[in-house]
There are 2 protein chains.
Amino acid sequence: MGTVLVRSANAVAEMRKKMAGVPPKETDPKLDALVREIIELVADKWTMLVLEALEEHGVVRFTRLGELVGGVSQKMLTKTVRQMERDGLVTRTVYPVIPPRVEYALTELGHSLGAAFCGVWIWAEEHGDEVMRAREAFGRVGAAK
Amino acid sequence: MGTVLVRSANAVAEMRKKMAGVPPKETDPKLDALVREIIELVADKWTMLVLEALEEHGVVRFTRLGELVGGVSQKMLTKTVRQMERDGLVTRTVYPVIPPRVEYALTELGHSLGAAFCGVWIWAEEHGDEVMRAREAFGRVGAAK
DNA sequence: CTGCATCCCAAAGGATACTG
DNA sequence: CAGTATCCTTTGGGATGCAG
C-alpha cells in the first residue's frame, strides 16, 4: 500500500505539449449536460447486456432473454427491460394467451444505440486482453483491498 | 447537430474497416465473455464521466478532476480513478512536493476507449431528446411505482 | 492538496413464494 | 410463462476526521 508510484514527469510534460496545440473538443455545456443524462441512462451493466442480446437475437421472450443475458435475476431483468421500454429503446408485446407470451424487441432508437455501442464492443475485442494484463500487473504491486 | 466532434468521422470510419472482415451476428462465446467482462468494467457512471473529463481536458489534478466530473465525492473519485489506473486506462503521477500534486491523464489505452465511446456521445447528442420525450410519454401511462 | 479510514445510511440486487 | 411482492444481504456512496 504505502508504495508511492512516481511516474516520469517527462512523459507527462510531453503529453502536455501534445495537447497544447490541440483545442481538443469544444466543451459545450448544454451538450455536456445532455451527454451526462444519457450516460446515467445507459451506464448500467444489465442495460448494456440486454441491448447486446436483443441486437443479436432480434425478438425474444422474457425467459429466453434472461438466458441470453445470463446471471440476471428475474427482478433485475424486469426492472431493466421496463426502464428500457420507458426510454423508448425496446418494445414489449404481450400476447393475452395461456401460457402468457411476452416478446421483447429493439425499437429503431434501440438499434441506433446498439450501433453506437458497436465501437465499444470492438474496443473490447481489441483491447480486452490489455486491460486484463494491466489489471494483473497492477494487482501484484498495488495489493490493495 | 451538424457541429459534431470532428474526431468522430475518423473513429467511425476506422471501426467500419475493422468490422469489415467480421461475420455480423455470429455469437462467439469466448468473444462474448470478453465483451461481458469489459462491460462490467466500464458500465459505471463515474468511470465514463472521468473518461470524458480527461478526454476533454487532458492532464488534470485530483481536485480539478472532481470539479470537472461534478457531483462526485472524494471517496468515489479516488476509487474510480484507482480502478481505471489498475486497468491501464489512466496514469497517476505523484509529485512529492508540498503541497502534494497529483496529476491524472489518459493512457493510450484510455484514449482509445474514449474514441470507442465517441459513437455513444454522438448518439446521445442526436437522440437524447427522443429518450426524454419517450420517458415522459411513458410516465403518464405507466404510473408505476 | 491528496487521499485513506471510519461510520453510517440508502439503494442495488438476489432468493423465494405467490398470482393471473 | 411472466411477472409481482417480500425479505434480506451486499454494495454504493456521502460525511467527517486525520495523516503525509
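Lettering follows sequence order; numbering is per chain, from 1. Values reported hereafter were calculated over all heavy atoms of this structure, with side chains retained and with hydrogens, waters and symmetry mates removed. What you see is a predicted model; the values in this text were computed from it and never measured.
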Polar side-chain atom of A:Thr80 near backbone of A:Leu77 as donor-acceptor pair, under 3.5 Å: no
So CE of B:Met84 and OH of B:Tyr104: to nearest 0.5 Å the spacing works out to 11.0 Å
Once you apply a heavy-atom cut-off of 4.0 Å, does A:Gly66 come out as touching a base, just sugar-phosphate, or nothing? nothing
OP1 or OP2 of D:dG14 sitting under 4.0 Å from any side-chain N/O of B:Ser73? yes
Nearest whole angstrom, please: distance from the P of C:dC1 to the CZ of B:Arg64. 14 Å
Between P of C:dG3 and CD of B:Gln83, the distance in whole Å: 16 Å
State which of D:dA2, D:dA15, C:dG14 makes the closest approach to the side chain of B:Lys75. D:dA15
Protein N or O to nucleotides 17-20 of chain D N or O, pairs below 3.5 Å:
none

Quick one: is A:Tyr104 getting a side-chain N or O under 4.0 Å of the D:dC1 phosphate, OP1 or OP2? no
Presence of A:Thr63 side-chain N/O under 4.0 Å of D:dA2 phosphate oxygens OP1/OP2: yes
Closest-nucleotide 5' rank along DNA chain C - winner of B:Arg61 and B:Arg82: B:Arg61
Between A:Glu108 and A:His111, is a side chain to side chain donor-acceptor pair (under 3.5 Å) present by the stated rule, with each step listed? CA-CA 5 Å; A:Glu108 282 306 311; A:His111 272 113; 4.8 Å; no
